[in-house]
Amino acid sequence: MNTPLNSPAAHEESVPTEYRRDKVRIGKVPVSTKIFQGIGALPGGHKDLAFNTFLLLYYSQILGVPASSASVVLAIALVVDAITDPLVGAYSDNFRSRFGRRHLFMYAAAIPLGLCMFLLFSPPAGASTALLTGWLLTFTLLGRFAFTFFVIPWNALAAEYSQDYVERTSIITYRMLVGWTGGLLFFFLVFTFVFEGSAQYPAGQLDPRNYPTFAIILGLLIPTWCLLTTHLTRREIPYLLQPVKPTPDFRFLVLLQQILLAFRSPNYRRLFIAFMLFSGIAGINGVFEIYMNTWFWEFKSSDLRWFGLVLVGALLAFAVVPVLQRRFEKHTILVGALGSSLALGMLKVSLRFLDILLANGDAMLLVAFVIHASVLVALITIAAIMFSSMIADLVDEQDLRMNMRQEGVFTSAIGFATKSVSSIGLIVGGLLLDLVIVFPRGAGPGEVDADTLFRLAVIDGLIVPSLYIIPIYLLTRYSLTRVQLEDIQADLERRN
């Protein structure tokens, strides 16, 4: 039987913690603060481009590490990273200092993160496969660990800036606007200047000479963005919640209890499970994306850079989100966006098999794909904005239900789910490449046989995307509405 929100039993089962702001904000959160907080999306965008697009390709196709072995290594790092996420989240929820609950962690993580990203793409020359595998594991682990100490506190801040249902979405929208704009500009510049094709390597992502430059850029840019967003948002610390009393007992069991407490929220459980499944499926797709673009669609690096224009789709999403939110509930928008992206994601391969698409190398094929990707990005951006805003709403519901603010735990536990199951997706993707698709190592564009490419396209473009219907269905069970949230926040005001 569920415990009523305001019942004594609900409060007795929780660990009561009083939170207070040093200053009460008058008016809305400044636009500059939303932009400064959005800068913190750039390190993750750069890291994701490096990990999702280049890392497996670099170690398997260029350095010669088997794709299945590299995938297992990356999966191990994800599992370890996933375990640390909710622990760091719970720790920062209870942390107290004159610099707030979050900012010290973000400062401390910046330089180690940049160093690890540099070393990850700078392995020793002439190293054996065993040494390369160990190098990949070591610096993937350390890099993800450092990133956790930055991104978990940074994510939690978004839920603290405002309690307003609509303004929370606005904060997330600005965050994604900065992240998408900077990330796609980075994408365009990387494929234009760093992985520029040559006569020997028309697909510049296969040229080993390009990776040392990429390593230096990652090592410098990522810590720069981390330090900027942390420094520029320091002025907001007085407006953020902090525990009234220091909470020095950070034993593992105490943190574990706080993590388990989050799962007493039925709506949070639904989001958690749905995005856990989503991440596993996306992990498999992520392994194949660069393979599809390089070998199936035969795009050169000079072609791939134009996918940076999908920024248009992100801008479209930012424009329509306020309109959609005035008419629909957040979870309704989320389900609609994800369902539409599922159908759109299967479209390209389906049209190719029906002989409707133009031939590879036709300039109009690239134009069609950029338009397709822009619409897909718009849908995914809308879904991501709604998801992050819903997490912020659930923090209020949890505060009333369990008498505890758990911004860090809520965001980090989702991170745990996505990373731990993504690791399985990576392993599955790597095994499929080696054992089912049987993709050859060291092959250039045009050097892979048609049967292999057919298997790659069917698995990546049809079978794997069809699995998304399961988490989409789970999200239809989410039940927190705008009116219910307003009632919850009114109860919180009376309680405090």
Side-chain angles (χ1 to χ4, degrees), residues 31-55 57-58 110 113-114 117-118 121 147 150-151 154 171-197 203-205 207 210-233 286 289-290 293-294 299-321 366-367 369-385 388:
V31 171
S32 59
T33 293
K34 298 175 184 179
I35 294 173
F36 296 155
Q37 214 264 335
I39 293 173
L42 297 178
H46 297 351
K47 177 194 71 69
D48 287 345
L49 176 64
F51 275 59
N52 299 342
T53 301
F54 296 111
L55 193 57
L57 182 77
Y58 179 51
L113 175 57
M117 294 302 296
F118 168 76
F121 285 92
F147 185 66
F150 168 78
V151 77
W154 173 78
I171 292 167
I172 300 300
T173 300
Y174 272 92
R175 186 171 80 176
M176 294 199 171
L177 174 61
V178 176
W180 272 110
T181 303
L184 291 174
L185 179 62
F186 182 68
F187 180 95
F188 180 84
L189 293 175
V190 161
F191 274 105
T192 300
F193 298 109
V194 180
F195 291 100
E196 184 179 7
Q205 62 269 29
D207 189 345
N210 292 332
Y211 284 89
T213 302
F214 185 56
I216 293 171
I217 292 171
L218 288 175
L220 292 175
L221 268 186
I222 288 178
T224 298
W225 300 134
C226 291
L227 292 171
L228 269 178
T229 189
T230 308
H231 182 74
L232 293 174
T233 56
E289 183 177 6
I290 190 66
N293 283 334
T294 303
F299 288 128
K300 301 179 178 64
S301 53
S302 57
D303 298 323
L304 292 175
R305 63 180 177 173
W306 294 111
F307 282 92
L309 294 176
V310 299
L311 174 62
V312 174
L315 295 175
L316 175 64
F318 302 138
V320 303
V321 159
L366 177 61
V367 172
F369 274 29
V370 170
I371 294 172
H372 173 276
S374 298
V375 177
L376 193 59
V377 162
L379 293 169
I380 293 172
T381 303
I382 291 170
I385 292 171
S388 298

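We're numbering straight along the sequence, starting at 1.
With sequence neighbours excluded, no residue satisfies ring pair (Phe, Tyr, Trp, His ring centres under 6.0 Å) with Phe36. Every salt bridge (charged side-chain N to carboxylate O under 4.0 Å, His left out) that Asp207 has, sequence neighbours left out, goes to Arg209. Every side-chain contact (heavy atoms from CB on, under 4.5 Å) that Leu57 has, sequence neighbours left out, goes to Gln61, Gln205, Leu206, Tyr211, Ile290, Trp295. The side-chain hydrogen bond (donor to acceptor under 3.5 Å, both in side chains) test applied to His46 returns Trp225, not counting sequence neighbours. The ring pair (Phe, Tyr, Trp, His ring centres under 6.0 Å) check on Phe188 picks up Trp306, with sequence neighbours excluded.
The CD1 atom of Ile217 lies 8.5 Å from the CG atom of Leu220; values are rounded to the nearest 0.5 Å. The OG1 atom of Thr294 lies 6.0 Å from the CG atom of Leu304; values are rounded to the nearest 0.5 Å. Rounding to the nearest 0.5 Å places CZ of Phe369 at 5.0 Å from CZ of Phe299. In this structure, the separation between CG on Asp48 and CG on Leu55 is 11.5 Å, given to the nearest 0.5 Å. The CG atom of Leu221 sits 12.0 Å away from atom CD1 of Ile216, with the distance rounded to the nearest 0.5 Å. Going from atom OG1 of Thr181 over to atom CD1 of Ile35 covers 10.5 Å, rounded to the nearest 0.5 Å.
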Can you give each donor-acceptor pair under 3.5 Å made by side-chain atoms of residues 372-382, sequence neighbours left out, with the distance rounded to 0.1 Å?
from, atom 1, to, atom 2, distance (Å)
His372, NE2, Leu344, O, 2.8
Ser374, OG, Val370, O, 2.8
Thr381, OG1, Trp180, NE1, 3.0
Thr381, OG1, Val377, O, 2.6

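For the residue pair Cys226 and Leu113, the shortest heavy atom distance occurs at SG-CD2, 4.1 Å. Ser301 and Glu196 make their closest contact through OG-C, 3.7 Å (heavy atoms, listed as atom of the first residue, atom of the second, distance).
In this structure, the side chains of Phe150 and Thr230 come closer than 4.5 Å at one or more pairs of heavy atoms.
The backbone N or O of Gln37 sits less than 3.5 Å from a side-chain atom of Trp154, completing a donor-acceptor pair. A distance-only check finds a donor-acceptor pair linking the side chain of Asn210 to the backbone of Gly204 [under 3.5 Å].
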Before giving the answer on side-chain contact (heavy atoms from CB on, under 4.5 Å), spell out for Phe318 and Ile385 the whole-Å C-alpha distance, their side-chain angles and the decisive distance to 0.1 Å.
CA-CA 9 Å; Phe318 302 138; Ile385 292 171; 3.8 Å; yes
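Heavy-atom neighbours of Tyr174 OH from other residues, nucleotides or ligands within 6.0 Å: at or below the threshold of 12. Within 6.0 Å of NZ in Lys300 there are 12 or fewer heavy atoms belonging to other residues, nucleotides or ligands.
Put simply, the residue from Leu189, Val190, Leu184 that forms a side-chain contact (heavy atoms from CB on, under 4.5 Å) with Phe186 is Val190. Exactly one residue among Phe54, Phe51, Phe214 makes a ring pair (Phe, Tyr, Trp, His ring centres under 6.0 Å) with Phe121. That residue is Phe214.
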